[in-house]
Amino acid sequence: MNENQKEQSENNPKLNLKSIAKKWQNVWKETHAFKVSEDPSKKKFYCLEMFPYPSGKLHMGHVRNYSLGDSYARFKRMQGYNVLYPMGYDSFGLPAENAAIKHKEDPEEWTASCIAMMREQQEQLGFSYDWDRIVETYKPEYYKWNQWIFLKFYEKGLIYRKKSAVNWCPHCKTVLANEQVIDGRCWRCHTKVEVKHIEQWFLKITAYADELLKDLDQLDWPERVKVMQRNWIGRSEGTLVNFKLENSDKNLQVFTTRPDTLFGVTFLVIAPEHPIVPELIKGTDKEEEVKEFVRRVVIEEKATRTAEDKEKEGIFTGKYAVNPVNGEKVPIYLANFVLLDYGTGIVMAVPTHDQRDFEFAKKYNIPMKLVIKPKDKDLKVEDMKEAYEGEGVLINSGDFNGLDNEEAKEKITKYLEEKGWGKKTVQYKLRDWLISRQRYWGTPIPMIKCPKHGYVPVPYEDLPVLLPKDVQFTGEGNPLKTSENFVKTKCPICGEEAERETDTMDTFFDSSWYFLRYTSPREDKLPFNKEAVKYWMPVDQYIGGIEHAVLHLLYSRFFTKALRDIGLLDFDEPFKRLLTQGMVLKDGEAMSKSKGNVVDPGEIIDKYGPDTARFFVLSAASPEKELEWSTEGVDKVYKFLNKVLETFSGLKKTNEEINYETLNSKEKYILSKTHSLIKEIAEDITNFRTNIALLKLTNLTNEVIKSKDKLSEAVLNEVAEEITLMLAPFTPHMCEEIWHDMGHDTLISLEKWPEQNKNFIDEKLERLHTIKDKVKSDLINTKNLVQKKTGKSFTKAKLIISDKWKYELFDKVKALLNKTRNISEIIKEIMADERLKRKETSQLIQKIVKNPSLLIGGITQKDEETFLKDFEDELEKDTKLKIILELEQDSKEAKAKQALPGKPAIILLE
RNA sequence: GCGGGGGUAGCAAAGCCUGGUCAAAUGCGCAGGACUUAAGAUCCUGUCUCUCAGUGAGUUCCUGGGUUCGAAUCCCAGCCCCCGCACCA
């Protein structure tokens with residue numbers, strides 16, 4: 001488009017991608033086009049995007065996420081599904097509170113205004129949400145149900161309070177869940193996390209560890225997300241073994257996955273912060289020394305203690321334990337590499353068969369004992385440079401000698417169980433979910449602390465416990481503590497003076513069930529309406545970032561299971577299918593303010609309109625992969641869309657029946673291609689090959705536009721209509737405009753996906769046209785080349801489509817086909833003939849056998865002729881050469897030739 | 001270490017599941033042409049190597065083997081890259 005045209009199209013409101021967007025957004029709004037309700041007569045589809053934290057402005061990641069979701073929802077709607085496609089805001093959290101501290105703003109107002117801004121941008125992009133179902137977690141009508149669920153979980157014993165070492169972020173001034181600590185740092189601000197020992201509220205997610213693990217198998221999720229969850233849950237089977245403390249009747253219980261090495265234990269190691277340590281060393285001459293060690297190691301930050309390259313360090317306690325199976329006396333050590341919160345916090349060490357124990361034993365000169373011998377060689381303790389962790393046969397293991405070590409694991413465990421010295425067990429890495437937060441902007445935990453009755457739940461009828469307004473934001477301590485009205489209350493049991501819990505809930509609590517709320521957002525008797533949930537849930541397609549692989553996605557699964565066990569749900573998993581979309585990059589890096597490479601969606605919408613932004617973001621990369629932002633790419637899309645709008649909006653709606661027999665080959669070809677695509681595109685969208693779908697559509701559209709003069713009105717209208725329908729999920733505003741212009745009075749957004757007419761599909765013709773392009777370029781090349789070389793100019797060219805050896809082949813295959821249908825046999829037979837031994841031979845045979853009609857001419861004579869005629873015209877135009885097509889009339893050859901047109905020979909004539 | 005995903009032309013990126021229409025879509029880059037006073041835009045063509053007035057030949061999809069009439073595609077082994085988890089006993 002040149003400047004003039006550009007101006008024209010921008011001045012002409014009809015052709016302006018921006019102004020039509022507004023227009024159709026208003027129409028959708030006024031007609032409540034995307035409002036849905038439960039309709040048992042229709043199949044439902046629940047399409048969900050991870051709801052945003054309302055920071056006020058959309059970033060490209062949001063645009064990508066929602067463009068994917070919206071096109072999917074729109075596509076499903078066109079396929080006839082009753083589509084639930086909602087939006088909401090995860091609107092509790094620190095930024096609002098920080099704004100309050102910094103700028104003295106009211107968190108509620110601040111949040112509301114951020115939501116308003118964000119929503120406006122979402123509306124500008126034309127997403128087809130049912131805005132009547134908006135869910136905002138900071139509103140009492142939502143968080144009331146957080147509290148309700150909290151109380152239900154509490155009743156069920158899924159919530160408890162305990163004192164433990166917790167992760168404390170000094171920057172956010174709150175505790176964090178394990179899932180929120182990444183590499184020893186806060187997930188939000190990346191500050192190094194410290195350890196604090198305080199009493200906090202926990203959610204018993206570990207009660208569901210096994211089910212959370214097992215049910216992963218039934219989910220249609222990206223493998224890597226499932227793997228991350230599996231790792232996080234970290235199930236391992238092993239054995240608990242009791243070692244007697246020497247000169248005492250105390251037991252030291254260890255967890256091991258290698259009971260087969262039990263006879264090789266030469267020492268025990270205890271986590272330094274283990275509660276047994278003080279009594280163990282009390283009154284011994286090692287007491288001071290050990291205490292000093294514990295102080296040093298435990299005070300060290302969590303992050304560095306568990307770092308990979310951290311050197312193993314330990315200290316002997318002076319005490320011994322007794323190995324139950326052989327009565328051996330083994331020394332007890334403390335060491336920094338043993339973790340209190342995994343297993344029992346006490347480890348049996350077998351230096352010969354565990355690398356860590358090996359290193360530790362070397363460093364502290366502890367003896368070693370070999371108990372497993374590899375099958376193919378002998379080992380000697382003195383020669384060992386590292387532990388032998390492989391398979392083998394047991395030695396030095398009493399009655400178990402000679403057993404295969406895998407077998408020994410079971411036998412030894414069984415033996416321990418019989419003797420009462422140990423038992424089989426399962427360990428998880430998953431820890432209970434700490435949900436207390438010492439911050440203001442969250443759901444108040446509905447508990448009251450009575451001096452007499454301890455923690456007492458707030459009665460259901462008193463919900464919600466509202467966030468007070470009269471609080472001080474000082475940046476120090478929990479603001480809730482500053483509201484006397486809030487803190488001071490009466491005990492629900494005795495009516496005496498009591499204090500409210502001032503901790504609030506982790507915001508991940510809010511997001512763990514919001515998808516249920518969407519099904520019945522105004523329900524006021526329960527968190528959600530059971531019937532509505534029954535109709536809509538589970539979510540059929542969930543779309544969001546990978547960063548929630550073990551946070552939100554794990555918590556929501558847990559909530560679903562827990563709510564099921566309370567009797568509110570009757571399914572096990574919330575999200576059937578998950579797409580984790582890739583990041584949006586600029587210059588190979590994630591967009592960030594500090595790098596200054598942020599592209600603001602607002603500006604893009606302003607400049608190019610929403611359809612361009614959506615189309616680009618969907619077409620530039622496959623959804624799971626990273627997307628590199630490209631200004632030129634956006635320009636190209638913009639031009640393409642303008643071209644489509646310009647060309648298609650001049651057309652009329654289809655009212656003529658197409659008389660297929662009378663069509664020329666170009667028309668048949670375009671029809672065939674369009675109708676093939678109807679199915680292909682639907683499949684591509686379903687499988688999130690969105691970029692491929694758009695690529696195919698672009699190619700087809702360009703082809704149609706290019707050859708529109710060769711198409712009859714009926715065909716052009718028909719094809720344009722179908723293409724517009726197929727583009728509608730992606731560029732809905734433009735398509736509404738075109739649809740309307742064509743003379744339809746319906747909304748294209750609510751139209752049906754086009755139906756494939758199989759009669760229009762002609763694969764051979766499509767092939768023919770592919771070959772045509774090659775022939776054309778060959779001819780032009782040859783002409784240019786020859787003219788250059790010879791200095792002569794040519795006015796005529798003769799094309800000969802013939803392939804002598806193929807005819808021979810055809811005859812032979814035909815003869816053989818009477819005998820057998822076995823491809824291999826036919827091929828072998830024919831390959832025996834030297835004259836026919838060619839690269840393509842076997843391919844041709846395959847084709848013939850699969851489709852014997854080729855032998856009597858697959859494409860009709862008429863097709864061939866119309867095709868060639870078209871072709872002739874086109875060639876002449878492009879090459880300024882008169883083409884003489886030589887059709888050999890000998891029936892057999894002609895038929896073969898028609899069936900399989902090869903690359904023709906070119907003869908130029910002066 | 002455990003687990004996941006990859007390695008395709010100058011680059012980016014399809015194809016692989018379901019082997020043959022694959023010298024391999026598409027985009028970028030590069031080259032040539034058309035249109036233009038020119039630039040831009042647009043359109044057309046080419047872009048592994050050789051050959052070339054004639055349907056051509058050779059060598060390719062990380063490497064090496066295998067299956068098959070036929071392999072980018074299936075199987076085995078190896079090399080390399082990216083990502084997640086990790087002193088979890």
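Each chain gets a letter, A, B and so on, in the order its sequence line appears, and its residues count up from 1.
Of the possible donor and acceptor atoms, one in the side chain of Thr344(A) sits under 3.5 Å from a partner among the backbone N and O of Gln253(A).
Less than 6.0 angstrom separates the ring centroid of Tyr333(A) from the ring centroid of Phe360(A). Centroid-to-centroid, the aromatic rings of Tyr364(A) and Phe267(A) stay 6.0 Å apart or farther.
The separation between Leu216(A) atom CG and G4(B) atom C1' is 14 Å, rounded to whole Å. Atom NE2 in His548(A) sits about 16 Å away from atom P in G84(B), given to the nearest Å. Per the geometry, CD1 belonging to Ile546(A) stands 10 Å off P belonging to C85(B), to the nearest Å. Rounded to whole Å, the distance from CG on Asn687(A) to C1' on U18(B) is 14 Å. Taking atom NZ on Lys312(A) and atom P on A89(B), their separation rounds to 14 Å, with Å as the unit. Taking atom CD of residue Glu624(A) and atom P of nucleotide G6(B), one finds them 10 Å apart after rounding to whole Å.
If you check C17(B) for Watson-Crick or wobble pairing at under 3.5 angstrom, you find it has no partner at all. Shown here, A72(B) forms no base pair; nothing in the strands shown gives a Watson-Crick or G-U wobble contact with both key distances under 3.5 Å.
Of the side-chain N and O atoms in Lys639(A), none sit less than 4.0 angstrom from OP1 or OP2 of A41(B).
For RNA chain B, the neighbouring residues in residues 219-231 of chain A, judged by any heavy atom under 4.0 Å, are Glu223(A), Arg224(A), Val227(A), Met228(A), Asn231(A).
In this structure, Lys214(A) has no salt bridge (Lys or Arg N to Asp or Glu O under 4.0 Å) partners at least two apart in sequence or on a different chain. With sequence neighbours excluded, the residues that form a salt bridge (Lys or Arg N to Asp or Glu O under 4.0 Å) with Asp684(A) are Arg689(A), Lys696(A). By the salt bridge (Lys or Arg N to Asp or Glu O under 4.0 Å) test, Glu386(A) is found to be paired with no residue, residues two or more places apart in sequence or in another chain being considered. Residues meeting the salt bridge (Lys or Arg N to Asp or Glu O under 4.0 Å) test with Lys226(A), sequence neighbours left out: none.
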Can you name the atoms? Protein N/O to nucleotides 11-14 of chain B N/O, anything below 3.5 Å, with the distance.
| unit_1 | atom_1 | unit_2 | atom_2 | d |
| --- | --- | --- | --- | --- |
| A14(B) | OP1 | Lys625(A) | NZ | 2.8 |

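When the nearest nucleotides of RNA chain B are assigned to Ile346(A) and Trp232(A) by heavy-atom distance, the more 5′-ward of the two goes with Trp232(A). Each of Arg431(A) and Leu695(A) has a nearest nucleotide on RNA chain B; the 5'-most of these lies closest to Leu695(A).
As judged by a 4.0 angstrom heavy-atom cut-off over every strand, Ser236(A) is placed among residues touching the sugar-phosphate backbone only.
A donor-acceptor contact closer than 3.5 angstrom links the side chains of Asn702(A) and Lys643(A).
Using cut-offs of 30° and 60° for the angle between ring planes, the Phe615(A) and Phe640(A) rings count as tilted.
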